[in-house]
Amino acid sequence: MNKIIIYSNECFEGRSAEFSNNIHNLLENGFNDTIRSIKVIGVPWVAYCDANFSGRCQVFEEGEYPSLEEKGKFSSLQMINANLANPEITLFEHKNFQGRSVTLRNETNLHQIGFGDAASSHKVRGGVWVLYEHINRRGAQLVSFPGTEFPNYVPLQFNDVASHARPLHPRH
């Protein structure tokens with residue numbers, strides 16, 4: 001069973017709703033910009049600040065989140081049902097997949113390999129990847145699915161920002 005349970009207050013209090021499918025616009029469910037705590041059962045979910053899976057986002061893996069950093073800011077929810085096996089992402093120093101590149105298959109602090117704050121584009125060959133603004137899975141996130149190609153981070157306001165990358169893993 002894969003689902004997300006959202007709550008209007010911290011610590012799983014207040015109004016709640018349970019979803020097992022993608023929600024393009026939480027306004028239709030009366031939960032736009034009101035989520036303050038979350039429970040995830042099964043596969044990971046991505047919560048987006050804008051409708052239709054756009055804007056800033058945050059990944060929530062299986063577990064309980066009694067208090068969110070992005071309180072009351074989410075407008076759409078996407079269940080990650082992509083194949084998470086054999087993760088591979090190639091980051092490029094310049095837009096349009098140009099310049100120096102590095103291929104990753106495991107979680108990596110990009111500063112430790114001399115690629116911190118340098119990426120401007122990428123291609124995902126396998127798995128679902130999360131790029132983070134700061135090391136240790138902190139700051140803004142960019143989520144990419146298998147087959148995704150981002151030729152230019154500038155419109156995403158993520159250019160020369162990524163400091164950490166990790167693939168999501170299947171449940172055990």
Side-chain angles (χ1 to χ4, degrees), residues 1-82 84 87 89 91 107-110 116-117 119-122 124 127-146 148-169 171:
M1 171 179 16
N2 299 309
K3 64 182 174 179
I4 189 169
I5 307 165
I6 58 174
Y7 299 86
S8 61
N9 294 333
E10 292 185 16
C11 298
F12 318 113
E13 299 286 330
R15 293 183 310 118
S16 67
E18 184 176 302
F19 302 105
S20 55
N21 292 306
N22 293 338
I23 303 298
H24 290 269
N25 191 345
L26 282 163
L27 183 63
E28 298 168 1
N29 304 89
F31 276 91
N32 190 54
D33 295 337
T34 62
I35 301 171
R36 288 184 167 59
S37 55
I38 290 176
K39 291 182 183 179
V40 174
I41 299 168
V43 298
W45 287 72
V46 183
Y48 294 88
C49 289
D50 297 329
N52 297 313
F53 319 126
S54 61
R56 288 178 60 104
C57 67
Q58 186 171 354
V59 173
F60 294 95
E61 294 180 275
E62 186 166 43
E64 296 186 353
Y65 303 85
S67 181
L68 306 179
E69 288 181 34
E70 298 280 344
K71 291 177 184 58
K73 294 187 179 179
F74 298 123
S75 296
S76 56
L77 302 169
Q78 183 179 29
M79 181 171 53
I80 296 179
N81 53 17
L84 302 178
I89 187 171
L91 303 174
E107 183 165 355
T108 305
N109 173 337
L110 298 175
D117 300 331
S120 296
S121 58
H122 74 253
V124 176
V128 175
W129 285 83
V130 185
L131 300 177
Y132 296 88
E133 178 182 15
H134 304 298
I135 62 171
N136 299 323
R137 302 181 183 181
R138 308 285 299 160
Q141 299 177 11
L142 176 61
V143 179
S144 293
F145 294 85
T148 301
E149 294 186 357
F150 275 107
N152 186 356
Y153 290 171
V154 172
L156 306 171
Q157 299 178 338
F158 214 78
N159 194 56
D160 296 337
V161 167
S163 293
H164 197 93
R166 77 175 176 112
L168 296 178
H169 294 288
R171 280 180 36 200

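Position 1 is the first residue of the sequence; numbering continues from there. Only this structure's heavy atoms are used, side chains among them; waters, hydrogens and symmetry mates stay out.
In summary, the side chains of Asp160 and Ser120 do present a donor paired with an acceptor at a separation below 3.5 Å, with no hydrogens or angles considered. The closest side-chain donor-acceptor pair between Asp50 and Ser76, if any, does not fall under 3.5 angstrom. Inspection of the Asp33 and Ser75 side chains reveals an N or O donor paired with an N or O acceptor under 3.5 Å.
Looking at Arg15, its side chain does come within 3.5 Å of a backbone N or O of Gly30 through a donor-acceptor pair. A distance-only check finds no donor-acceptor pair linking the side chain of Arg137 to the backbone of Ile135 [under 3.5 Å]. In this structure a side-chain-to-backbone donor-acceptor pair under 3.5 Å is missing from Asn136 to Arg138. Between the side chain of Glu10 and the backbone N or O of Pro66, no donor-acceptor pair lies under 3.5 Å. Not one N or O on the side chain of Glu70 forms a donor-acceptor pair closer than 3.5 Å with the backbone of Gln58.
Looking at heavy atoms from C-beta onward, Pro146 lies in side-chain contact with Val128 at the 4.5 angstrom threshold. At least one side-chain heavy atom of Phe19 sits under 4.5 Å from a side-chain heavy atom of Leu26. At a threshold of 4.5 Å between non-hydrogen side-chain atoms, the residues His122 and Leu131 count as touching. Between Leu142 and Val161, every side-chain heavy-atom pair lies at or beyond the 4.5 Å cut-off. Residues Ser121 and Phe150 have side chains not in contact (no heavy-atom distance under 4.5 Å, counting atoms from C-beta outward). Between Ile6 and Asn29, every side-chain heavy-atom pair lies at or beyond the 4.5 Å cut-off. A heavy-atom distance below 4.5 Å is not found between the side chains of Tyr48 and Ser54.
With rounding to the nearest 0.5 angstrom, the SG atom of Cys11 is 10.5 Å from the CD atom of Glu64. With rounding to the nearest 0.5 angstrom, the NE2 atom of His134 is 13.0 Å from the CG atom of Leu110. With rounding to the nearest 0.5 Å, the separation of NZ in Lys71 from CZ in Arg36 is 8.5 Å. Residue Leu77 holds its CG atom at 14.5 Å from NZ of Lys3, rounded to the nearest 0.5 Å. A distance of 12.0 Å separates CD1 in Ile23 from CG in Asn32, rounded to the nearest 0.5 Å. Atom CG in Asn2 sits 8.5 Å away from atom CD in Glu62 (nearest 0.5 Å).
Relative orientation of the Tyr132 and His164 rings is perpendicular, given thresholds of 30° and 60° on the angle between their planes.
A pairwise comparison of heavy atoms in Asn152 and Pro155 identifies O-CD, 3.3 Å as the closest pair. The heavy-atom pair separating Gln78 from Phe145 by the smallest distance is OE1-CZ, 3.7 Å. Scanning both residues, Ala47 and Phe60, for their nearest heavy atoms gives CB-CE1, 3.8 Å. Looking at every heavy atom in both residues, Ile35 comes nearest to Ile38 through CG2-CG1, 3.6 Å. In plain terms, the two heavy atoms of Pro167 and Glu107 that are nearest each other are CD-N, 3.6 Å. The nearest pair of heavy atoms linking His24 to Phe53 is CE1-CE1, 3.1 Å.
Applying the ring-ring contact (aromatic ring centres under 6.0 Å, His included) test between Tyr7 and each of Tyr65, Phe12, Phe74, Phe31 identifies Phe12 as the sole match. The residue from Asp117, Asn109, Thr108 that alone fulfils the side chain to side chain donor-acceptor pair (under 3.5 Å) condition with Ser163 is Asp117.
Between Glu69 and Arg56 there is no salt bridge, since no side-chain nitrogen of the basic residue lies less than 4.0 Å from a carboxylate oxygen of the acidic one.
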